[in-house]
Amino acid sequence: MEYPYSYRFMLVCSVLVLCLSTRGARCQLSDNFYDYTCPDVYTIVQQHVFAAMRTEMRMGASLLRLHFHDCFVNGCDGSILLDGDDGEKFALPNKNSVRGYEVIDAIKEDLENICPEVVSCSDIVALAAGYGVLFSGGPYYDVLLGRRDGLVANQSGADNGLPSPFEPIKSIMKKFDDVGLDTTDVVVLSGAHTIGRARCTLFSNRLSTTSSSADPTLDATMAANLQSLCTGGDGNETTVLDIASADVFDNRYYQNLLNQKGLLSSDQGLFSSDDGVANTKELVQTYSVNGEKFFWDFGRSMVKMGNISPLTGEDGQIRKNCRVVN
């Protein structure tokens, strides 16, 4: 989908407001940061993401999730990429779940060959997520660049700070607020679940057991199909997050919620929760019938999320290898 210049211009201009409203943002990122120092960065990232998604369409969703899980812990500093037993990638929400590290490695290797020690790993993650959305049929948005890489990982921060699919909506909203994001951001960024997959362990709490029935906010036929998939397994079996259009970035996710076909309880809770958050229900209803507004708000929220506490200037470093500090 091609977006007019006016759309792109308004989205970039809104960054000034977003910086002021996003806690910890330094407003030093720009959409032309590498124009003179490494102008091929866009082409290289595009090529790698496109190739990865040709092999496995799901990779677009994985790269988007990688960016999300990076930004919510220590800010958008690439700390999720660091190896080590105490690394964020081995925190409970990320272990055997977050993917795409090898794609980032391949991009970094190529960039180091043509413009060594220029492009940060955190910027690569942000750009890769943007192309993952675009190549899935989602909106174009200007990814602001100029982040530097963090020096330490924060496993406990990942364990405690990342929103969980098991949490009530109010708790998730609190975690978003802690990083400067609001209720609209909660609902619109949850819409990223229009692509990707989830393991049984993340939704089996909604299925029937010997002592309890299935979640009443889960469509009965869908519950039965999920029960068949997950029964007798080790919890690592996967299914699509969006039953209507699994690999296409669109607003069908919100339509699913209206019909009790949200996979995760945290998804369905945006519409069905009695947690006193009626405004999330109204936003779900709006996005379910207005895909253009969803795309606009999603791009805006992604720019806002990408501005969570970036390291800029002389802070941090430009890693030569995304998995280890220099």
Side-chain angles (χ1 to χ4, degrees), residues 14-29 64-82 86-95 97-98 122-123 125-126 129 141 143-144 147-193 202 264-271 273 275-284 297-312 315-316:
S14 70
V15 170
L16 292 176
V17 176
L18 297 179
C19 282
L20 293 174
S21 63
T22 304
R23 202 163 304 155
R26 304 189 182 191
C27 303
Q28 295 178 20
L29 307 182
L64 175 56
R65 187 163 181 256
L66 182 65
H67 184 37
F68 181 96
H69 281 225
D70 181 39
C71 289
F72 262 69
V73 183
N74 288 2
C76 307
D77 68 344
S79 55
I80 194 172
L81 305 173
L82 291 170
D86 58 348
E88 293 167 30
K89 62 175 64 175
F90 299 110
L92 187 60
N94 297 330
K95 189 175 182 180
S97 177
V98 172
S122 47
D123 276 349
V125 171
Y141 60 92
V143 178
L144 303 187
R147 302 168 190 82
R148 289 168 65 85
D149 298 322
L151 303 177
V152 295
N154 184 357
Q155 188 173 113
S156 63
D159 279 326
N160 300 312
L162 286 167
S164 163
F166 308 113
E167 290 183 287
I169 298 302
K170 278 189 175 179
S171 296
I172 292 173
M173 292 174 66
K174 174 63 168 59
K175 289 183 175 180
F176 271 68
D177 181 68
D178 287 344
V179 294
L181 301 178
D182 59 27
T183 301
T184 298
D185 299 317
V186 173
V187 179
V188 76
L189 291 176
S190 295
H193 287 172
L202 297 179
L264 307 179
S265 59
S266 57
D267 289 330
Q268 192 59 50
L270 295 172
F271 183 74
S273 174
D275 205 16
V277 285
N279 46 347
T280 68
K281 182 173 183 177
E282 293 170 2
L283 286 166
V284 168
D297 287 352
F298 186 84
R300 187 175 184 275
S301 289
M302 285 298 292
V303 173
K304 188 174 177 182
M305 186 187 76
N307 271 279
I308 297 174
S309 303
L311 299 174
T312 58
D315 293 339

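The closest donor-acceptor contact from the side chain of D123 to the backbone of R147 lies under 3.5 Å. Within the 3.5 Å criterion, the main-chain N or O of C76 finds no donor-acceptor partner in the side chain of D70. Under a 3.5 Å cut-off, the side chain of N307 and the backbone N or O of K304 do not form any donor-acceptor pair. Between the side chain of D185 and the main chain of S301, no donor-acceptor pair closer than 3.5 Å is present.
The structure places CG of L264 at 12.5 Å from CD of E167, a figure rounded to the nearest 0.5 Å. Distance check: H69 NE2 to L64 CG gives 9.5 Å after rounding to the nearest 0.5 Å. Atom CE of M173 and atom CG of N279 lie 5.5 Å apart (nearest 0.5 Å).
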side-chain hydrogen bond (donor to acceptor under 3.5 Å, both in side chains) between S156 and N154, intermediate numbers included | CA-CA 6 Å; S156 63; N154 184 357; 3.2 Å; yes

When you look at V152 and S79, which way does the side chain to side chain contact (heavy atoms under 4.5 Å, CB included) test go after all the steps?
-> CA-CA 6 Å; V152 295; S79 55; over 6 Å; no

Applying side-chain hydrogen bond (donor to acceptor under 3.5 Å, both in side chains), run through S122 and D149 and close with a yes or a no.
-> CA-CA 6 Å; S122 47; D149 298 322; 3.1 Å; yes

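Applying the ring pair (Phe, Tyr, Trp, His ring centres under 6.0 Å) rule to F72 yields the partners F68, F176; only residues at least two apart in sequence or on another chain are considered.
Taking a cutoff of 4.0 Å between a charged side-chain nitrogen and a carboxylate oxygen, D315 and R148 do not qualify as a salt bridge.
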